[in-house]
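Working notes, beginning with the structure itself.
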Amino acid sequence: MKVREVHDFLNKLWEDIFTLNEELKGELPPLGFKVEDVEEVFGAYLFLDDEWRLMKYPHPAFEIKPQMEVGATPESYYLVVAVPRERVSENFLGTFLELFPRSFIYGSENFLNDVYNWRRDGRISPTEILGRIGESDEKVFQFEANFGSVKALKQGVKRLTDIGKRFGIFDL
């Protein structure tokens, strides 16, 4: 392990998220969203080596109210939106998976037991995922999309705000 590479990598993640945060603070409020400040998030998990693993170190993230979180981990840039069970439709699921193929869907209470995992499940149908959601006791589901760059993340945020409004998932 080269300490300098780790240092530079972590600095880039934080700088990217701070920059994105400032950009979105200027762009999203007119659409009805409130962009919070960047924070240190502890207790997150990464899907590594076919299992969810606890991150004991912080990563940068911020909330976009209502219902979204945007951030970066050593694995990827990400966005998460919380969707109440009754607002999850097959059309929303299909659109989400089409726009965000690198995604996870899990409950807000038992988040280590995902109902969809792009690394494990491949391309299963929205109908099958909806069935898994129906079998769950969860009341709110987290839809997480992963990105390879901060530019792709920003584009993902804009796409998610559009489809979220179209399918009525936001409390705006």
Side-chain angles (χ1 to χ4, degrees), residues 17 20 24 28 31-36 39 41-56 59-150 152-172:
I17 294 302
L20 178 61
L24 293 177
L28 293 182
L31 302 175
F33 297 93
K34 182 176 189 233
V35 180
E36 299 286 333
E39 296 181 346
V41 176
F42 288 88
Y45 284 78
L46 295 178
F47 195 75
L48 298 172
D49 303 324
D50 294 326
E51 67 179 312
W52 290 104
R53 295 178 182 253
L54 175 64
M55 293 171 47
K56 295 181 182 178
H59 70 280
F62 59 92
E63 289 185 44
I64 300 174
K65 293 189 176 183
Q67 300 161 250
M68 289 188 284
E69 179 180 283
V70 173
T73 67
E75 199 270 331
S76 71
Y77 294 93
Y78 72 90
L79 69 84
V80 178
V81 61
V83 183
R85 159 193 228 101
E86 63 274 6
R87 295 186 192 168
V88 178
S89 69
E90 190 168 342
N91 287 336
F92 171 72
L93 270 169
T95 303
F96 182 87
L97 294 173
E98 183 179 320
L99 291 175
F100 310 114
R102 293 177 52 194
S103 60
F104 302 97
I105 303 170
Y106 44 86
S108 61
E109 296 295 322
N110 187 4
F111 53 87
L112 295 179
N113 187 16
D114 47 58
V115 295
Y116 176 74
N117 182 322
W118 72 280
R119 292 188 175 185
R120 182 191 64 230
D121 295 327
R123 303 275 303 167
I124 64 171
S125 74
T127 305
E128 187 173 344
I129 297 169
L130 204 55
R132 291 177 181 180
I133 288 172
E135 293 169 1
S136 171
D137 293 334
E138 296 282 348
K139 292 179 177 44
V140 176
F141 286 87
Q142 309 287 349
F143 285 71
E144 176 180 332
N146 290 188
F147 304 89
S149 71
V150 71
L153 171 59
K154 183 176 183 180
Q155 186 176 43
V157 169
K158 290 181 177 189
R159 286 180 173 161
L160 183 60
T161 58
D162 289 342
I163 69 164
K165 284 184 172 185
R166 182 168 32 137
F167 292 103
I169 65 165
F170 293 120
D171 293 325
L172 292 174

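Given the structure is predicted, the values throughout are model-derived calculations rather than measurements. Just so you know, these numbers use all the heavy atoms, side chains as well, and skip hydrogens, waters and symmetry mates.
A search for salt bridge (charged side-chain N to carboxylate O under 4.0 Å, His left out) contacts involving Lys158 returns Glu27, not counting sequence neighbours. Partners of Glu39 according to the salt bridge (charged side-chain N to carboxylate O under 4.0 Å, His left out) rule, which considers only residues two or more places apart in sequence or in another chain, do not exist here. Under the rule for a salt bridge (charged side-chain N to carboxylate O under 4.0 Å, His left out), Asp137 has no partner lying at least two apart in sequence or in another chain.
Counting heavy atoms from C-beta outward, Thr161 and Met68 have side chains that approach closer than 4.5 Å.
The one candidate from Ile124, Ile105, Asp114 that meets the side chain to side chain contact (heavy atoms under 4.5 Å, CB included) condition with Arg132 is Ile124.
In this structure, Asp121 and Val115 approach most closely via the heavy-atom pair OD2-O, 4.1 Å. Contact between Gly164 and Phe170 at its shortest, heavy atoms only, is CA-CE1, 3.4 Å. Gly32 and Pro66 make their closest contact through O-CD, 4.5 Å (heavy atoms, listed as atom of the first residue, atom of the second, distance). Pairing each heavy atom of Pro126 with each of Leu93, the nearest pair is O-CD1, 3.6 Å. Taking each heavy atom of Ile17 and Gly71 in turn, the nearest pair found is CD1-C, 3.6 Å.
Applying the side-chain hydrogen bond (donor to acceptor under 3.5 Å, both in side chains) definition to pairs two or more places apart or across chains, those involving residues 73-84 are Asp16-Tyr77, His59-Tyr78, Glu69-Tyr78, Glu75-Arg119, Ser76-Asn146.
Taken to the nearest 0.5 Å, the CZ atom of Arg120 stands 12.5 Å off from the CD atom of Glu51. Rounded to the nearest 0.5 Å, atoms OH (Tyr116) and CD (Glu144) are 12.5 Å apart. Considering CG of Leu79 and CZ of Phe147, their distance stands at 4.5 Å, rounded to 0.5 Å. One distance of note links CG of Leu160 with NZ of Lys165; it measures 11.5 Å at 0.5 Å rounding. To the nearest 0.5 Å, atom CG of residue Leu31 and atom NZ of residue Lys34 are 16.0 Å apart. The distance from atom CD1 of Ile129 to atom CZ of Phe141, rounded to the nearest 0.5 Å, is 11.5 Å.
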Name the atoms and distances for all side-chain donor-acceptor pairs under 3.5 Å in residues 81-90, with sequence neighbours left out.
from: Arg85; atom 1: NH1; to: Ser136; atom 2: O; distance (Å): 3.1
from: Arg85; atom 1: NH1; to: Glu138; atom 2: O; distance (Å): 2.2
from: Arg85; atom 1: NH2; to: Ile133; atom 2: O; distance (Å): 2.5
from: Arg85; atom 1: NH2; to: Gly134; atom 2: O; distance (Å): 3.3
from: Arg85; atom 1: NH2; to: Ser136; atom 2: O; distance (Å): 2.8
from: Arg87; atom 1: NH1; to: Ile169; atom 2: O; distance (Å): 3.0
from: Arg87; atom 1: NH1; to: Asp171; atom 2: OD1; distance (Å): 2.6
from: Arg87; atom 1: NH2; to: Asp171; atom 2: OD1; distance (Å): 2.6
from: Ser89; atom 1: OG; to: Phe92; atom 2: N; distance (Å): 3.0
from: Glu90; atom 1: OE2; to: Thr127; atom 2: OG1; distance (Å): 2.5

What pairs of donor and acceptor atoms, side-chain ones from residues 95-104 against any protein atom, are under 3.5 angstrom apart with sequence neighbours left out?
from: Thr95; atom 1: OG1; to: Asn91; atom 2: O; distance (Å): 2.9
from: Ser103; atom 1: OG; to: Phe100; atom 2: O; distance (Å): 3.0

